[in-house]
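I'd like to ask some things about the structure below.
Quick caveat, the model's predicted, so the values are computed rather than measured.
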Amino acid sequence: MKFLNWLLYQVHRWLGVAVGLFMFFWFFTGLVIIYSPSLNQSRTQQLAHAESLSPQVHWLSLGEVWQRSAEERKALADESKPKANAEAMGQHGGGEATANHQAHKPVSIVDARLQSIANQPVWLVEDSRGKRFALSALDGSVLKVSAEQAVLIAKQWAKAQGFEGDVHANLLETIDSSIFLRNQEALKPFHKIAVADNGQELLVSSRTGEVLHTSTPVGRAFYLSGNWLHLLKPLTLLGFENIRHDVQLWTGFIATIASITGLIIGWIRWRPGFGGKRTYSQGRTQPYREFWFKWHFWSGLIGGTLALLWALSGYLDTNPGKIFSAGEVSKDELARYIGDELPPVIANWQPATQIVLSEAQDVVELSWRRLGGEAVLLAYSRDGQRWPQVVEGAAPQFVETSLLSAVQRVNADAPIAKQTLLNQYDSYYYPRHNQGQLERPLPVLKVELADQAGTHFYLDPQDGRLLAKLDSSRRLFRWVYTAIHHWDFGWLYYRPVWDVWMLTWIGFGLVLGLSSVILGWRRLKVTVLPKKQPAKAAKVGAPILAD
């Protein structure tokens with residue numbers, strides 16, 4: 001028993017020395033993340049800053065631009081083919097056959113949106129391989145947004161933001177990657193544009209002309225001291241991307257064990273004196289007299305459970321041993337869901353001014369959506385509202401049978417057990433604090449499959465989007481990671497209740513982390529640094545030797 005007690009203290013002490021700084025660092029960066037401004041532009045923000053759209057009869061249909069751009073698109077695809085094959089082989093364990101199979105699959109249009117970019121009508125198209133193109137609605141050519149056009153886009157964005165007068169904008173540089181963006185391959189390179197004289201910067205995709213990121217110096221500082229550090233992304237900058245996941249996994253695991261052992265020690269050493277039981281000297285309920293030991297004890301005893309849950313959920317987020325299924329819909333699944341057939345109405349529809357505005361006074365985008373052989377045309381206004389358009393051969397929205405057929409194309413062998421139209425969010429489909437109705441629309445159709453994985457789909461009936469796919473593994477992940485890391489469920493979801501909860505426990509975590517760093521440093525000094533030997537006293541009567 002003495003050995004187990006000694007082992008408990010030694011494990012906690014030295015694991016605390018190892019990850020104390022990480023714990024403080026994670027609590028601090030987590031606090032920064034809570035109040036970091038959103039830098040990457042959401043769909044709502046992009047529409048709010050988009051140019052007004054007035055379709056003209058001489059603009060080309062989607063089918064025409066797709067046909068005219070075939071050679072240019074093929075050339076661009078051939079340029080990126082070696083890298084695409086390498087990625088496919090890496091993801092599938094060196095599966096050259098898989099890469100070749102993907103390369104020979106017929107390419108279809110997954111998403112098509114008509115916008116005005118730099119005063120030019122453009123079809124923004126995504127194909128079934130995930131490649132993105134901006135195709136001119138005037139001549140069908142593949143557009144590459146120049147630096148001059150990116151500056152013009154930035155100026156128009158700034159005016160929509162509320163800047164008055166002649167907005168000053170200039171190109172800073174053109175880059176192939178940015179630390180601020182995810183899933184960059186289909187959109188790179190990027191033009192970095194400085195707007196006005198307040199340090200504001202925009203990133204504009206040279207592939208599509210979309211503004212993907214906007215930030216001020218304060219916003220960038222928040223991101224770098226928050227998300228960037230929290231996820232250990234400096235390792236990528238230093239060339240250690242291949243070990244970043246392992247570093248996250250093992251530090252999360254060590255932090256979890258340190259938190260568990262600390263809680264056990266805290267409960268063992270706490271003597272509250274209930275029922276007249278013995279306490280420490282002078283009525284103290286804990287054994288420590290020294291300042292930092294006391295703060296470490298109380299912050300760990302009170303906030304240790306939350307520290308443990310944060311450490312454990314952060315560890316599980318690394319998906320150790322691949323115990324959770326993939327969280328995103330794959331490209332193959334999305335292609336099967338949408339189907340291979342491009343409805344003739346999408347290919348042949350001629351843009352014209354006779355679009356039905358309804359209550360929308362400022363249309364900025366026309367978007368074609370399809371499922372199988374059915375199609376829907378939606379007009380998007382600047383405020384994010386969407387309006388179905390009356391077009392011969394297209395429906396105002398997808399009917400339930402079309403949505404169910406699309407689901408069965410994804411999981412052909414699984415029968416549908418249940419479908420429910422949700423007019424309210426549930427525990428698995430809900431908006432985050434920085435998302436709106438456009439990112440997480442209602443109502444949605446929830447489809448449950450009778451398969452071994454217990455798969456649930458969430459579908460948007462109006463535009464047919466596959467919003468979420470969750471099997472039993474991902475639903476468990478929602479509780480063991482998202483729920484206890486972000487605390488976004490029940491009454492805790494609503495602000496300012498959520499803010500009070502998070503600030504309280506992060507405050508305890510910061511004290512716990514800081515005291516761990518100080519106590520760990522003291523322990524290292526005692527253990528590592530050579531001890532000073534006391535000078536031996538001279539013996540009485542011993543001769544004194546002079547130099």
Side-chain angles (χ1 to χ4, degrees), residues 28-52 115-120 122 134 144-184 187-231 233-234 236-237 362 364-365 381-384 432-436 438-439 495 499 503:
F28 174 77
T29 55
L31 177 63
V32 175
I33 288 172
I34 290 176
Y35 297 105
S36 293
S38 178
L39 302 183
N40 294 336
Q41 296 292 280
S42 67
R43 184 94 165 92
T44 299
Q45 292 169 314
Q46 287 179 331
L47 290 175
H49 295 86
E51 299 175 29
S52 296
Q115 290 185 352
S116 178
I117 297 177
N119 297 324
Q120 296 186 48
V122 173
K144 291 184 179 179
V145 177
S146 66
E148 293 76 15
Q149 289 174 315
V151 169
L152 178 59
I153 292 169
K155 288 182 177 181
Q156 291 170 334
W157 181 94
K159 288 181 179 179
Q161 182 71 13
F163 284 80
E164 297 180 357
D166 185 21
V167 179
H168 177 70
N170 64 283
L171 176 72
L172 295 177
E173 59 179 330
T174 298
I175 56 178
D176 275 337
S177 63
S178 169
I179 62 173
F180 299 107
L181 298 176
R182 299 177 61 189
N183 304 322
Q184 305 177 35
L187 297 166
K188 71 177 190 181
F190 312 100
H191 299 300
K192 183 189 291 187
I193 310 296
V195 178
D197 297 318
N198 59 359
Q200 191 163 32
E201 294 179 2
L202 278 65
L203 285 179
V204 179
S205 169
S206 67
R207 290 278 187 93
T208 64
E210 295 171 289
V211 176
L212 306 172
H213 164 94
T214 68
S215 63
T216 62
V218 172
R220 292 191 292 274
F222 265 88
Y223 177 82
L224 292 173
S225 58
N227 301 64
W228 195 60
L229 290 177
H230 195 78
L231 298 176
K233 290 187 177 180
T236 301
L237 193 65
D362 192 1
V364 295
E365 178 181 292
S381 58
R382 190 175 301 281
D383 60 1
R432 297 203 173 188
H433 289 142
N434 61 345
Q435 293 180 323
L438 194 60
E439 286 75 31
R495 309 186 86 156
D499 296 83
L503 290 174

>> Does W228 form a side-chain contact (heavy atoms from CB on, under 4.5 Å) with V32? I'd like the steps, not just the answer.
In response: CA-CA 11 Å; W228 195 60; V32 175; over 6 Å; no
> What pair of heavy atoms forms the shortest contact from S52 to S116, and how long is it?
Replying inline: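 Nearest heavy atoms, S52 then S116: O-CB, 3.8 Å.
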>> Between R43 and E365, does any NZ, NE, NH1 or NH2 come within less than 4.0 Å of an OD or OE carboxylate oxygen?
In response: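 Salt bridge flag = yes for R43 with E365.
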> Quick one: OG1 on T214 to CD on Q41, what's the gap to the nearest 0.5 Å?
Replying inline: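 Going from OG1 on T214 over to CD on Q41, the span is 4.0 Å.
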> Roughly how far, to the nearest 0.5 Å, is the OG1 atom of T236 from the CG atom of L231?
Replying inline: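 With rounding to 0.5 Å, CG (L231) is 9.5 Å from OG1 (T236).
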>> For a 4.5 angstrom cut-off between non-hydrogen side-chain atoms, does L503 reach L31?
In response: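 A side-chain contact exists here, since the closest heavy-atom pair is under 4.5 Å.
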> Minimum heavy-atom separation for S177 to I175, with atom names?
Replying inline: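 For S177 versus I175, the nearest heavy atoms are O-CD1, 3.3 Å.
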>> Quick check: closest heavy atoms across Q149 and S146, and the distance to 0.1 Å?
In response: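 Residues Q149 and S146, closest heavy atoms: OE1-N, 3.0 Å.
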> Can you list the steps and then say if L203 with H191 is a side-chain contact (heavy atoms from CB on, under 4.5 Å)?
Replying inline: CA-CA 6 Å; L203 285 179; H191 299 300; over 6 Å; no
> Which heavy atom of T174 sits nearest a heavy atom of P189, and at what distance?
Replying inline: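 Heavy atoms only, the tightest pair is CG2-CB, 4.1 Å.
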> Is there a side-chain contact between L152 and N119, using heavy atoms and a 4.5 Å cut-off?
Replying inline: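 Counting from C-beta outward, L152 and N119 do come under 4.5 Å.
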> Just wondering, do F190 and K188 contact through their side chains at under 4.5 Å, heavy atoms?
Replying inline: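 Yes, side chains in contact.
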>> If you define the side chain from C-beta out and look only at heavy atoms, does anything of N227 sit under 4.5 Å from S36?
In response: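 The answer is yes; the side chains approach within 4.5 Å.
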>> What I'd like to find out is whether the side chain of L202 reaches to under 4.5 Å of the side chain of H213, using heavy atoms alone.
In response: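 No. Closest side-chain heavy atoms not under 4.5 Å.
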> Rounded to the nearest 0.5 Å, what separation is found between the CD atom of Q115 and the CD atom of E210?
Replying inline: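 That separation rounds to 6.5 Å.
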>> Could you check whether any side-chain heavy atom of H168 comes within less than 4.5 Å of a side-chain heavy atom of V195, counting everything from C-beta outward?
In response: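 They are not in contact (no side-chain heavy atoms under 4.5 Å apart), so the answer is no.
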>> Quiz question: by atom type and distance under 3.5 Å, do the side chains of D362 and S381 form a donor-acceptor pair?
In response: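 S381 and D362 do not have a side-chain donor-acceptor pair below 3.5 Å.
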>> Test your reading of the model: is there a side-chain donor-acceptor pair from Q120 to the backbone of I117, 3.5 Å cut-off?
In response: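 Not confirmed, Q120 side chain does not pair with I117 backbone.
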> When you look at L212 and L187, which way does the side-chain contact (heavy atoms from CB on, under 4.5 Å) test go after all the steps?
Replying inline: CA-CA 9 Å; L212 306 172; L187 297 166; 3.9 Å; yes
> Side chains of L181 and N40: closer than 4.5 Å at any heavy-atom pair?
Replying inline: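 Yes, close enough: below the 4.5 Å cut-off.
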> Looking at NE2 of H49 and CD1 of I153, how far apart are the two atoms once the value is rounded to the nearest 0.5 Å?
Replying inline: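 Between H49 NE2 and I153 CD1, I get 13.5 Å after rounding to 0.5 Å.
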>> Rounded to the nearest 0.5 Å, what separates atom CD in E201 from atom OG in S215?
In response: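 Interatomic distance, E201 CD to S215 OG, rounded to 0.5 Å: 5.5 Å.
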> Could you state the interatomic distance from CG (L47) to CG (D383), rounded to the nearest 0.5 Å?
Replying inline: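 Interatomic distance, L47 CG to D383 CG, rounded to 0.5 Å: 9.0 Å.
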> Pick one: which of V151, N170, L172 meets side chain to side chain contact (heavy atoms under 4.5 Å, CB included) with I193?
Replying inline: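 Only one of V151, N170, L172 forms a side chain to side chain contact (heavy atoms under 4.5 Å, CB included) with I193, namely V151.
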> What class does the angle between the rings of F180 and Y223 fall in, given that below 30° is parallel, 30 to 60° is tilted and above 60° is perpendicular?
Replying inline: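 Correct class here is tilted.
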>> Any heavy-atom pair between the side chains of K144 and S206 that's under 4.5 Å?
In response: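 Sidechains of K144 and S206: no contact.
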> Could you go step by step and tell me if L224 and L229 meet the side-chain contact (heavy atoms from CB on, under 4.5 Å) rule?
Replying inline: CA-CA 6 Å; L224 292 173; L229 290 177; over 6 Å; no
>> Minimum heavy-atom separation for A160 and A48, please, with both atom names.
In response: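 It is CB-O, 4.1 Å.
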> Can you tell me if E439 and T44 form a side-chain donor-acceptor pair at under 3.5 Å?
Replying inline: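 There is such a pair between these side chains.
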>> Quick check against the 3.5 Å criterion: does E51 have a side-chain atom that pairs as donor or acceptor with the backbone of A118?
In response: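 Side chain of E51 to backbone of A118: a pair is present.
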> What heavy-atom pair brings P217 and Q200 nearest, and what distance separates the two atoms?
Replying inline: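 Nearest heavy atoms, P217 then Q200: CD-N, 4.4 Å.
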> So with a 6.0 Å cut-off around CZ of R495, is the heavy-atom count from everything else above 12?
Replying inline: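 Above 12, so yes.
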